[in-house]
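Right, one structure below, let's go through it.
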Amino acid sequence: MSEKILLEMNHIRKEFPGVLALKDVSLQVQAGEVHALLGENGAGKSTLIKILGGIYSSDAGEIVIDGSVVTINSVQDAQKFGISVIHQELVLVPHMTVAENIYLGREPLKAGRFVDFKKMNDDAKQLLDSFELDIRPDEEISELTIAQQQMVEIIKALSFHAKILVMDEPTSSLSEKDVDFLFENIRKLKKAQVGIIYISHRMSELKQIADKITVIRDGEYIGTRQTHATTNDELITMMVGRQLTNYYTRTFGNPTTKVLEVKHLNAGKLLKDISFHLFSGEILGFAGLVGAGRSEVMKCIFGIDAFESGEILINGEPVVVKNPDDAMKRGIALVPESRKREALFMDQSVTYNITIKALGEFIHGIHVDNARETEITKEYVDMMEIKTPTYKQVVGNLSGGNQQKVVIGRWLATKPKILILDEPTRGVDVGAKAEIYSIMNELVKNGVAIIMISSELPEVINMSDRVVVMSNGKITGCLSREGLTQEKIMHHATQFVTT
Amino acid sequence: MKKLQAKNNPLYNFGRENLGILIGLLLLCVILTIFSPVFLSKNNILNVLRQVATNLYIACAMTMVIILGGIDLSVGSTIALSGVVTGGMIAFDGHSLVVAVIAGLLVGVAVGAFNGFLISKTTIPPFIVTLSTMNIARGASYVYTGGQPIRVMSDSFNFIGSGYVGEIPMPIIYLVIIVIISVLIMSKSRLGRHIYAVGGNPTAARFSGINNSRVLFFAYLFSGLMAAIAGVVLASRMFSGQPTAGQGAEMDAIAAVVLGGTSMSGGVGKIGGTVIGALIIGVLSNGLNLLGINSFWQYIVKGVVILIAVYVDFLKKGKKSN
């Protein structure tokens, strides 16, 4: 790694009407290093990135690139200075080819008039080859995997001669194999002396990929550490501002009452002979790689997807769950994997989102009991410790952690006996995570049975009574809490994986 | 505490949410009052409301359909079809008025049910489905009548659309009932909340145990029924079922909905806004008539006003999201 400092952001300050988003934040990135930016949701990471990317302008402070002070007033300015931002949501055009996407808006021209497709494809191929990617320039984006699409984004960014690359949670929708693929390519970028600012909530990843970690909290610079010279505990303390002594809250009981049993469930190619049971008062972890079929099992139980054969028993009685409404009446709740896509009504209020499943409690015909509506909202906002200025606040304006709590609150309002949580802490900051764990613990203490699908192994290990591991549509192991290790789970999770 | 009460006051909310177009409507009325002495007269105001009425029946249902992320292009043709069927039942077949009106309304319900069935059970876009039924219903009206208006000389039939209770014209009475029902559905019932849910995020709605198909089916059914009511009322006012009735009515309804601030991408919108939107369109064409501006120009003015209103709304929302 060279010692050359590529980018300095010094004492950046940014105020929005009523909110001081950044008080005094500094960041230094060297050429050829991966510099992680860590902080809870709302800490000011995105604001800082948007200032660098030319979307916002700062109120005070300076940006220094290659030793000279620059002003960035627009996205074009940022590109001119070699800064490229890859956003969390990919912004590629799905039905255009890889090459067309890379050169979108600046296609090479023939005779000054017509798009020179040959040159465009050749140039794109050269870029793709330099990363040894198995992607053809004339492939349609929609045919690529998410990881491949991400690489196209990165290549597009580099084709602007980017020296500084910002990646905002690039792994949030990648499977573990794809993460490895991405990291491999990030290492190639490092060799090419690109400076990378890397935003992620996943601590384990930072250990693998980041050279340095800068923590910000509430718009303030907290500190920068060398990755090899710090610990997760130190980082969490820096992020949260207090020591999280009991990050994972769990009091284990001795559950013996079976509330749910699934026998020999089969659904097409996705699920093969799935059998397991669930006790009341336990957390049953579901581990496995992305695409192992964990969410699909839950969708069958919840009546969203149909299955071909097999049996579901609730409290020992065989049942047929026709649809989610039916599942709810039987005491099952499902907090789905993607809160944005599958759970939230972004334009609607906190109240609306929490009470949508409990309407029967306060709407009778056309009579709305507003007091009862507020009461229910208050109960779950308080219980979940949702931070919102008012109950009328539009959910889209809340942070990821608070949105997730709204979804969980909605389902708790149906008073479930069996609660299925699919990736309950994805994209949620540490503070909110700890709160969600403690709520889960309270629920199982009161006899609720929880199924928790999670790709975060430390969470699975620390929160579960037992862990079911799935691989390629089959259950490959049911492990008890004693002697559970990440290696043990991964061993079961990678069975039958052929590709 | 006082502030909280104000926030829960529906009238206050109505005013706050629709401030822009309310000011626009008010301004329009003030200008017309200045330039035309007739504008504020009781007769003229009742006249405006009567003209607005049939558009608003449809627009109320259209609001629900658009909040659901859909569109119903077939309402104009349904107006014609239900009008000619009602007229035909009386003039051709000698049925009683009650039977004829019920038949006319059922025709609308049938068109709505057909739309609703296809849209809720298949993935054919609402635009295509209702574009087809728009043509089918229009064609059926021509076939049924042979292209000629069906004249109905019956005072009791004429009363439906042209009668009065006291000084209030009948169409306004239906209007009040329909608006009240629509507002109650959207703001007070579970169905209303489900409409916002399915329109805002269909996947989340399904995962929350909402029966999306049933919600969609209802909205298009309601839309068909409202178009049929408009059809019967218009036929009654014209003493005849006309196969050309209601041409372009779907566009006026959509314009009212959009003026009222409902998002074409679904999930957001209010009946109250649509009411004001329809009033703006009604007052505008009434005013232009009073001022003696010819009807060719009226189209242009209407188009410009819609653009301006939606542009102002866009500016307002743009500011919010930044």
Side-chain angles (χ1 to χ4, degrees), chain A residues 16-17 55-56 298-299 302-304 321-329 332-349 351-353 355-371 373-374 390-392 394-397 407 410-411 414 422, chain B residues 1 3-10 12-13 16-17 66-69 177 180-215 261-271 317 319-322:
Chain A
F16 293 110
I55 295 169
Y56 298 152
M298 302 313 153
K299 284 179 188 170
F302 200 58
I304 292 172
V321 181
K322 292 188 294 265
N323 53 50
D325 206 38
D326 195 24
M328 190 188 92
K329 286 186 188 121
I332 310 176
L334 170 75
V335 174
E337 191 177 359
S338 159
R339 57 177 168 268
K340 231 182 212 163
R341 205 165 52 78
E342 299 171 334
L344 287 172
F345 304 104
M346 287 294 185
D347 295 323
Q348 302 288 346
S349 66
T351 303
Y352 178 94
N353 272 284
T355 58
I356 187 77
K357 280 319 296 165
L359 298 179
E361 283 192 42
F362 60 91
I363 298 185
H364 304 285
I366 54 161
H367 176 259
V368 183
D369 184 345
N370 292 104
E373 184 182 16
T374 312
T390 70
Y391 299 160
K392 295 279 162 229
V394 170
V395 155
N397 294 342
V407 182
R410 173 197 297 168
W411 283 106
T414 67
D422 196 344
Chain B
M1 201 57 214
K3 213 175 166 193
L4 205 87
Q5 274 171 350
K7 271 187 183 160
N8 285 331
N9 181 339
Y12 171 86
N13 281 338
R16 210 182 43 151
E17 281 158 12
I66 290 180
I67 288 174
L68 279 167
I177 296 171
I180 289 175
I181 290 176
S182 304
V183 168
L184 288 180
I185 290 177
M186 292 308 279
S187 63
K188 296 280 181 184
S189 76
R190 275 191 251 181
L191 176 65
R193 304 223 175 183
H194 289 176
I195 288 175
Y196 286 109
V198 174
N201 188 343
T203 313
R206 198 163 66 91
F207 275 56
S208 308
I210 293 170
N211 188 333
N212 292 17
S213 299
R214 208 186 319 172
V215 175
T262 295
S263 152
M264 285 302 281
S265 49
V268 195
K270 291 264 168 72
I271 300 287
K317 280 187 185 132
K319 265 190 199 131
K320 231 190 253 170
S321 67
N322 280 337

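Side chains are part of it too, since the values below use all heavy atoms of this structure and drop only hydrogens, waters and symmetry mates.
- Remark: A:Ile366 CD1 is loosely packed, at most 12 non-hydrogen atoms of other residues, nucleotides or ligands lying under 6.0 Å away.
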Worked check of side-chain contact (heavy atoms from CB on, under 4.5 Å) between B:Asn201 and A:Lys340: CA-CA 9 Å; B:Asn201 188 343; A:Lys340 231 182 212 163; over 6 Å; no
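- Contact tally against chain A (heavy-atom pairs below 4.5 Å) for B:Gly200, B:Ser189, B:Pro202: the top residue is B:Ser189.
- Highest contact tally toward chain B, considering only A:Asn323, A:Asn397, A:Ile304, is held by A:Ile304 [criterion: heavy-atom pairs under 4.5 Å].
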Derivation and outcome, side-chain contact (heavy atoms from CB on, under 4.5 Å), residues A:Phe345 and B:Tyr196: CA-CA 8 Å; A:Phe345 304 104; B:Tyr196 286 109; over 6 Å; no
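- Of the two parts of A:Lys299, only the side chain, counted from C-beta on, holds a non-hydrogen atom closer than 4.5 Å to a non-hydrogen atom of chain B.
- Atoms CD1 and CD1, from A:Ile356 and B:Ile210 in turn, are 4.5 Å apart once rounded to the nearest 0.5 Å.
- For A:Leu344, the part sitting under 4.5 Å from any heavy atom of chain B is the backbone (N, CA, C, O) and nothing else.
- In this structure, CG in A:Asp347 is found 11.0 Å from CD1 in B:Ile67, a value given to the nearest 0.5 Å.
- Both the backbone and the side chain of A:Glu342 come within less than 4.5 Å of a heavy atom of chain B.
- Looking at every heavy atom in both residues, A:Pro324 comes nearest to B:Gly209 through CB-CA, 3.3 Å.
- Contact check on B:Lys188 versus A:Glu373 returns no salt bridge, with no Lys/Arg side-chain nitrogen under 4.0 Å from an Asp/Glu carboxylate oxygen.
- With a 4.5 Å cut-off on non-hydrogen atoms, A:Thr355 touches chain B through its side chain but not through its backbone.
- Residue B:Lys270 places its NZ atom among 12 or fewer non-hydrogen atoms of other residues, nucleotides or ligands, all under 6.0 Å distant.
- When every heavy atom of A:Tyr352 is checked against every heavy atom of B:Ala197, the shortest pair comes out as OH-N, 2.9 Å.
- When the candidates A:Met328, A:Gln348, A:Arg341 are compared by the number of heavy-atom contacts under 4.5 Å with chain B, A:Arg341 comes out ahead.
- When A:Val368, A:Thr414, A:Leu359, A:Asn370 are compared by the number of non-hydrogen pairs under 4.5 Å with chain B, A:Leu359 comes out ahead.
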